[in-house]
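Input: a single structure, listed below in structure tokens.
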Amino acid sequence: MDFNLTEERAMLRDTLRRFLADKYSHENRRALIASSEPYDAEIYAELAELGVLGAMFREDQDGFGGEGFDLMVVFEEVGRAGVIEPVLPAVLAGGLIAALGNDRQRELVDEIIAGTHVAALAQGEAGARYDLNHVETTAVADGDAIVLNGIKTHVLYGAGAQTLVASARETGAAADMAGISLFLVPVNTPGVTVNGHRNMDGIPSATVTLDGVRLTDAARLGAAGEGLDALEAAVARGLTAICAEALGAMEAAKDLTISYLKERKQFGMPIGKFQALQHRMADMLIEVEQARSAVINLAGNLDQPRDVRKIHASAAKNLIGRAGALVAEECIQMHGGIGMTDEYALSHFARRLTMIDHLFGDSDYHLERFIALKAG
Amino acid sequence: MDFNLTEERAMLRDTLRRFLADKYSHENRRALIASSEPYDAEIYAELAELGVLGAMFREDQDGFGGEGFDLMVVFEEVGRAGVIEPVLPAVLAGGLIAALGNDRQRELVDEIIAGTHVAALAQGEAGARYDLNHVETTAVADGDAIVLNGIKTHVLYGAGAQTLVASARETGAAADMAGISLFLVPVNTPGVTVNGHRNMDGIPSATVTLDGVRLTDAARLGAAGEGLDALEAAVARGLTAICAEALGAMEAAKDLTISYLKERKQFGMPIGKFQALQHRMADMLIEVEQARSAVINLAGNLDQPRDVRKIHASAAKNLIGRAGALVAEECIQMHGGIGMTDEYALSHFARRLTMIDHLFGDSDYHLERFIALKAG
Amino acid sequence: MDLNYTKEEQAFRTEVRQWLKETLPRELREKVRLGKRLAKADMELWHSLLNARGWLAPNWPQAYGGCEWNAVQRHIFEEEACLVHAPRSLPFGLSMLAPVLLAFGSEDQRQRFLPRILNGQHWWCQGYSEPGAGSDLAAVKTRAVREGDHYVVNGQKTWTTLGQHANWIFCLVRTDPDAKKQEGISFLLIDMQTPGVTVRPIVLIDGEPEVNEVFFENVRVPAENLVGEENKGWTYAKYLLTHERTNIAGVGFSNALLTTLKHVAGRVKSGGQLLAENPHFAARMAQAEIDLMAMATTNLRVVSAAAKGQAPGAESSMLKVKGTVIRQELTSLLRRAMGPDALPFQPDFLDGGSNAAALGPDHAAAAAPTYFNMRKLSIFGGSNEVQRTIITKAILGL
Amino acid sequence: MDLNYTKEEQAFRTEVRQWLKETLPRELREKVRLGKRLAKADMELWHSLLNARGWLAPNWPQAYGGCEWNAVQRHIFEEEACLVHAPRSLPFGLSMLAPVLLAFGSEDQRQRFLPRILNGQHWWCQGYSEPGAGSDLAAVKTRAVREGDHYVVNGQKTWTTLGQHANWIFCLVRTDPDAKKQEGISFLLIDMQTPGVTVRPIVLIDGEPEVNEVFFENVRVPAENLVGEENKGWTYAKYLLTHERTNIAGVGFSNALLTTLKHVAGRVKSGGQLLAENPHFAARMAQAEIDLMAMATTNLRVVSAAAKGQAPGAESSMLKVKGTVIRQELTSLLRRAMGPDALPFQPDFLDGGSNAAALGPDHAAAAAPTYFNMRKLSIFGGSNEVQRTIITKAILGL
């Protein structure tokens with residue numbers, strides 16, 4: 001048992017933290033979010049250069065990491081600094097391409113690691129809520145071609161991506177587990193329309209319409225109709241990433257609040273001297289430690305058998321959802337009005353923490369999944 | 001709209017409160033609970049004389065009250081003083097006899113009002129949990145006789161009662177809604193065995209075995225097989241009583257804690273000066289007001305149509321269950337060790353509050369019932 | 001004890017309901033229902049409709065064009081208005097400034113300002129808080145120095161709600177810098193068109209500039225705009241803060257939110273099941289509903305005592321805290337109900353002036369912004385921490 | 001980062017598990033499983049079994065008959081013992097007094113007392129708290145006056161756990177009444193058979209006399225029973241309080257409780273449905289389990305740091321608070337799971353020495369008493385309020 005980071009991971013973390021502290025100020029981020037650019041391409045290239053993207057992949061995938069703890073280390077810093085550049089797509093779509101792709105398809109992984117290509121996962125649909133198996137988008141053979149029709153919603157980083165990894169149904173009904181395939185869809189394929197927007201937390205997203213999109217067999221990622229398992233595994237890795245990101249955001253929000261409690265005076269003394277706030281802060285600190293442990297449990301069990309992995313994924317996402325809401329709400333409350341302003345970094349962390357609960361299953365969804373897994 | 005008590009009720013409350021403050025000290029109650037007597041017959045007679053039992057019945061039932069607010073006024077004082085004498089049976093079994101009884105059967109009501117007779121409701125069974133319709137005790141005709149067989153559990157005040165109002169099934173399966181009758185069973189009928197015990201909160205209770213108990217038709221209360229509706233209505237009145245009792249216990253626990261916070265010094269000042277305790281006390285006070293409102297809502301809607309009554313009964317019992325746990329746990333915690341001792345009255349109120357949650361459906365049971373009623 | 005309304009109160013309720021049905025414009029109702037932001041014109045329209053009926057100032061004396069409703073009547077009006085998603089009328093002139101003028105202003109001031117609040121000529125905002133002061137309102141630093149028949153004002157106010165639309169501001173200013181904290185403060189009315197007044201919007205966590213900073217640089221204010229006596233402003237400010245708190249529980253708003261929440265939960269599906277039938281979600285909704293049912297009665301108990309002339313004490317603080325907790329919980333549930341559809345930020349749709357279409361189902365666009373915006377409930381108007389201290393002080397007396 | 005145990009640790013776990021399987025008497029296991037109170041003889045039996053294996057004193061040096069286990073080994077032992085419902089060994093002599101003697105006692109004292117803790121000749125109890133002092137331990141009033149080669153002790157201790165079974169007590173006594181609060185306190189060992197010592201049991205909310213008052217009236221204690229230096233007792237007391245807190249989270253106990261809870265929920269029915277399948281109840285159990293999974297890792301993080309020699313700081317307080325919250329929640333769930341069967345008070349059944357039958361299903365009799373008893377967790381050993389203050393002081397430094 002060892003809860004210390006390896007030297008390599010500690011070095012990556014330190015380098016990344018220094019870089020972000022230097023380059024990623026709240027003002028820069030606000031300006032970026034107010035702009036029409038989905039993210040800062042320059043920063044993204046620098047992140048690639050630092051090895052952040054390479055750390056998302058195993059050595060046999062041309063990376064130098066790829067384990068749960070690699071994701072944890074990187075995304076804790078992503079969360080701490082509030083990075084909105086597309087690192088998550090490397091885990092989700094990138095991870096699927098690396099896991100399922102043939103040699104030609106896997107060339108994209110090298111481009112992703114180099115920071116020259118963004119592939120976004122398009123799994124969401126209206127009415128699917130958080131269920132990966134709810135796929136109404138169809139993939140129908142037409143001669144040599146496969147034709148995709150449907151609308152994919154909440155495609156994170158869909159605006160700014162060059163390629164989509166889209167789930168589509170080859171057989172079966174909307175909620176069947178079987179019959180789902182994954183396809184590599186270049187966004188410039190005729191019939192693809194990407195309507196970008198920004199989420200509440202500044203992350204770029206998109207609604208993607210697939211209107212008679214004609215692909216060949218070569219676009220299919222993995223075996224026909226058997227995409228769900230790999231999709232679920234990739235999302236488990238994505239959950240590790242966003243849980244660690246939430247942990248980083250909690251740490252940042254907590255640090256801001258600790259400073260504020262020390263500095264801010266009211267009724268003649270630092271508000272941190274008020275015992276009611278002290279005790280609530282103590283409870284919050286405990287939950288942040290709990291959140292860290294939950295992320296460690298998930299990261300350390302990512303390669304365990306499917307059910308073990310899922311139990312830890314659901315446990316972590318549930319706990320992170322609750323702790324994240326507590327931290328966001330309590331930090332704002334302890335700050336008072338200033339904590340609600342867009343100018344102050346706390347509001348960014350609060351929005352991010354809140355929106356992470358709406359990604360890939362909220363705390364209720366994962367509580368139910370946890371119960372089902374434990375019963376089953 | 002008027003939230004003030006009528007003069008009569010205010011007078012009853014004041015008289016009762018004075019009487020109990022005078023006679024019902026914590027020391028007396030402890031001695032009584034440690035004794036083998038289920039309750040203090042003398043106090044009980046005096047309560048009858050004060051009109052406490054008469055207030056449980058309407059004028060046409062030979063009482064002078066019987067409305068929800070009469071129950072509320074009396075039981076708030078019962079709870080405040082921690083009375084363990086059998087007032088609740090007058091509402092439950094007494095209420096059923098008054099509602100369903102023929103002229104001869106209703107003579108018992110006069111004896112109950114006079115404090116010379118205790119009739120206990122025997123509705124519980126092993127495996128029934130909180131469901132009134134789960135009745136496995138059988139009532140089978142045998143010539144002119146009706147023969148009862150079964151075991152009734154958690155018969156409140158069963159030890160010390162002269163008569164039982166027992167539910168038994170004439171037709172149907174264990175959980176059917178129809179087929180349940182109510183019978184007046186004198187405890188000295190051959191085949192009746194009453195095994196008394198005390199509950200955690202000092203209230204006397206019993207397990208009653210009915211082994212070939214032979215009754216006549218005259219023992220049946222109301223129509224054959226149609227007892228459930230009246231039982232449910234009586235239990236709604238019982239819920240009003242115990243919710244008000246819980247409110248009184250909360251008030252008492254709260255008052256003890258307020259005094260303690262003022263008097264008790266630690267680290268050189270009254271512990272009530274510690275802001276963390278102040279704010280928790282404030283949240284507790286709010287919940288006690290909420291509890292009072294919930295009881296008012298139930299008491300004021302007791303005679304409304306069945307579904308409205310049930311909605312308020314479940315809302316009140318749910319809220320009282322939560323508030324009661326909060327008050328019991330927080331008051332003990334704010335007291336520290338002394339709050340856990342049997343010698344100090346708080347422990348009695350904490351036990352009573354906790355055990356009330358286990359009577360006639362706990363907060364979870366009533367939350368589910370509330371949901372079902374609102375959906376249905 | 002009687003939970004029923006009198007016949008007169010029931011008739012009043014019917015009258016209000018009928019009027020709302022006939023008068024509230026459908027577009028306005030839809031904006032409120034969907035949580036869109038109201039444009040200035042929307043709010044002005046609603047005020048003018050209320051004014052035309054004579055119902056704009058529920059608590060003013062009839063002599064000044066008010067309704068003189070008692071607490072129960074006001075409660076009924078608010079309940080009915082919330083139920084049909086009517087906008088709330090703006091409190092700054094109507095129920096914050098006006099009571100102060102009625103109690104402490106000169107008759108000249110009443111004649112000059114009250115009619116203009118009713119006819120919409122003046123849009124008031126509040127200049128109380130200052131940077132770094134927060135709930136400690138007495139720490140006023142904005143200076144007003146008497147020069148002849150004017151005060152010259154310098155300083156800064158903040159958290160001024162909807163100040164961007166206002167043309168008048170009532171301010172706490174320090175007129176005696178040597179006096180002790182609560183003394184030396186005056187209550188001054190300032191025309192925002194006066195040179196030297198600048199308004200800077202503050203964008204909040206929901207992306208909207210709901211509040212503002214207001215800067216004063218050598219602003220010359222006629223001395224006749226002083227309310228009451230110089231250096232007595234703290235008395236008036238406290239009066240304002242304790243006055244008009246019958247709707248502090250926000251029962252009407254919470255009822256409307258609960259209605260919306262049930263509407264959504266009856267349409268949104270999770271795992272093939274309606275959210276309303278999902279036991280976990282249903283339990284949370286029911287819990288909130290049960291708490292709200294009790295709080296509605298707690299509120300009526302206070303309202304009913306107030307209608308009989310009893311002044312609410314710590315009860316107001318209790319209603320503030322519990323009302324906040326319930327309302328915030330309901331906005332949190334509504335956000336969660338939307339699932340991933342709560343993610344997109346849709347300022348164009350939310351803008352009351354636009355007709356942009358929304359991503360996702362009804363209520364999705366406003367769910368997260370409303371949740372974030374409502375965090376303010378436990379901060380402003382005396383934070384919940386301040387309220388808890390008030391409650392305990394009243395009981396413990398320590 | 002590596003969540004796996006080493007091969008040595010895994011082998012140790014196997015060894016412990018095997019030994020428990022072979023050694024723990026079935027009746028003892030059933031008593032613990034059903035939450036019955038252990039008789040004095042039960043506890044003595046368990047100590048003697050552990051002692052026979054050489055495992056009674058996990059943290060003592062081998063030279064004194066201890067195991068010298070590191071924090072991870074101790075954690076493994078506790079986890080395995082809880083899993084099979086072994087009793088906990090009594091901490092008063094083993095992990096409260098002994099570390100103080102090892103650090104500050106004389107070699108004579110070690111030789112005299114440590115072996116008797118192991119062989120069961122001495123049953124120790126703790127004389128720290130006094131009436132009216134609570135968490136403010138330094139407010140010691142019990143006086144010890146030196147007279148020749150004895151101290152004469154007068155005063156009263158309270159909350160002395162299982163003092164009714166003990167024959168020795170370690171006490172904080174005031175030897176210098178003029179010194180400041182924390183100074184002038186000494187650490188004294190007192191034979192409870194000495195004339196003038198009286199023990200009065202205190203019945204607690206669960207109906208059991210788990211704690212006691214201990215009175216001292218002119219009790220003559222040989223001066224050789226003073227530990228360390230006179231007037232330095234507060235230093236030793238603090239050492240005792242900060243020492244040996246690796247099991248402060250109570251993960252093992254909570255795991256055992258969760259097992260029992262699932263067992264019950266898989267047998268008890270509510271409305272025809274197993275409680276384990278009731279969505280509300282299942283959600284609460286799952287929430288507690290998820291929290292416990294995380295806390296187990298938080299605990300291991302601290303344990304693992306401790307095994308590497310890092311001293312835990314505020315982490316101990318965090319584990320105390322969260323561990324308490326989880327354990328109390330589990331006892332609350334177990335009580336609720338029993339429904340009406342939690343009502344009866346069954347002291348005869350719960351008495352470890354009796355064979356009385358219980359009303360209701362397995363675990364029903366102990367459910368409410370255990371819930372009530374466990375309220376103590378957040379009060380003793382430094383209340384959770386004190387722990388929260390420690391946590392924030394460490395972070396805020398205010």
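Note on naming: letters A, B, ... go to the chains in the order of the sequence lines (proteins, then strands), and numbering restarts at 1 for each one.
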* Asked: Are the side chains of C/Ser378 and A/Glu329 in touch, meaning some heavy atoms are under 4.5 Å apart?
  -> no
* Backbone of C/Ile205 reached by a side-chain donor or acceptor of A/Arg351 within 3.5 Å -> yes
* To do: For side-chain hydrogen bond (donor to acceptor under 3.5 Å, both in side chains), just list the numbers for A/His197 and C/Gln346, CA-CA rounded to whole Å, side-chain angles, deciding distance to a tenth of an Å, and then say yes or no.
  => CA-CA 8 Å; A/His197 63 267; C/Gln346 307 188 54; over 6 Å; no
* Asked: Heavy-atom distance under 4.5 Å to chain C: side chain of A/Ala174, backbone, both or neither?
  -> neither
* To do: Give, as side chain, backbone, both or neither, the part of C/Arg336 having an atom under 4.5 angstrom from any heavy atom of chain A.
  => both
* Asked: Are A/Met340 and C/Asp206 side-chain neighbours, meaning at least one heavy-atom pair lies under 4.5 Å?
  -> no
* Side chain, backbone, both or neither: which part of A/Arg280 has a heavy atom under 4.5 Å from chain C? -> side chain
* Structure fact -> Ranking C/Tyr371, C/Phe380, C/Phe281 by heavy-atom pairs under 4.5 Å to chain A gives rank one to C/Tyr371
* Structure fact -> Those residues at least two apart in sequence (or on a different chain) that pass side-chain contact (heavy atoms from CB on, under 4.5 Å) with A/Arg30 are A/His26, A/Asp342, A/Glu343
* So, do A/Leu359 and C/Leu343 sit near enough that their side-chain heavy atoms are less than 4.5 Å apart? -> yes
* **Per-residue contact mode, C/Lys376 against chain A (heavy atom under 4.5 angstrom)** => both
* **Per-residue contact mode, C/Leu377 against chain A (heavy atom under 4.5 angstrom)** => neither
* With a 4.5 angstrom heavy-atom cut-off, which part of A/Thr354 approaches chain C: side chain, backbone, both or neither? -> both
* Asked: Where is the tightest heavy-atom contact between A/Arg129 and C/Gly339, given as atom of each residue plus distance?
  -> NH1-N, 3.6 Å
* Do other residues, nucleotides or ligands put more than 12 heavy atoms under 6.0 Å from the NZ atom of A/Lys374? -> yes
* So which part of C/Val211 gets closer than 4.5 Å to some heavy atom of chain A, the side chain, the backbone, both or neither? -> neither
* Hey, are the side chains of A/Thr341 and C/Trp159 touching, using non-hydrogen atoms and a 4.5 Å cut-off? -> yes
* To do: Below 4.5 Å from any heavy atom of chain A, which atoms of C/Arg388 appear? Answer side chain, backbone, both or neither.
  => side chain
* Asked: Would A/His358 and C/Asp341 count as a side-chain hydrogen bond (donor to acceptor under 3.5 Å, both in side chains) if you check the C-alpha gap in whole Å, the side-chain angles of each, and the deciding distance to 0.1 Å?
  -> CA-CA 8 Å; A/His358 289 261; C/Asp341 291 324; over 6 Å; no
* To do: With a 4.5 angstrom heavy-atom cut-off, could you sort out which part of A/Leu346 is near chain C: side chain, backbone, both or neither?
  => neither
* If contact means a heavy atom pair closer than 4.5 Å, which residues of residues 360-368 of chain C contact chain A? -> C/Ala368
* To do: Quick one: pull up OG in C/Ser270 and NE2 in A/His134 and give me the separation to the nearest 0.5 Å.
  => 11.5 Å
* Asked: Got A/Gln333 and C/Ile379 here, is their nearest side-chain heavy-atom distance under 4.5 Å?
  -> yes
* Structure fact -> Counting heavy-atom pairs under 4.5 Å with chain A, the top scorer among C/Pro369, C/Ala139, C/Gly272 is C/Pro369
* To do: Heavy atoms only, distances under 4.5 angstrom: which of A/Gly336, A/Gly124, A/Gly337 has the most pairs with chain C? Name it, please.
  => A/Gly337
* Asked: If you count heavy-atom pairs under 4.5 Å with chain A, which of C/Asn384, C/Ile202, C/Asn278, C/Thr158 comes out on top?
  -> C/Asn278
* Can you tell which part of A/Asn133 gets under 4.5 Å to a heavy atom of chain C, answering side chain, backbone, both or neither? => neither
* To do: Could you tell me the separation between the CG atom of A/Asp364 and the CZ atom of C/Arg284, rounded to the nearest 0.5 Å?
  => 4.0 Å
* To do: Step by step, work out the side-chain contact (heavy atoms from CB on, under 4.5 Å) result for A/Met200 and C/Phe372.
  => CA-CA 10 Å; A/Met200 280 301 296; C/Phe372 285 119; 3.7 Å; yes
* Can you find a heavy atom in the side chain of A/Ile371 that is under 4.5 Å from one in the side chain of C/His280? -> yes
* Would you mind checking which part of A/Leu156 comes under 4.5 Å of any heavy atom in chain C, side chain (CB onward), backbone (N, CA, C, O), both or neither? => neither
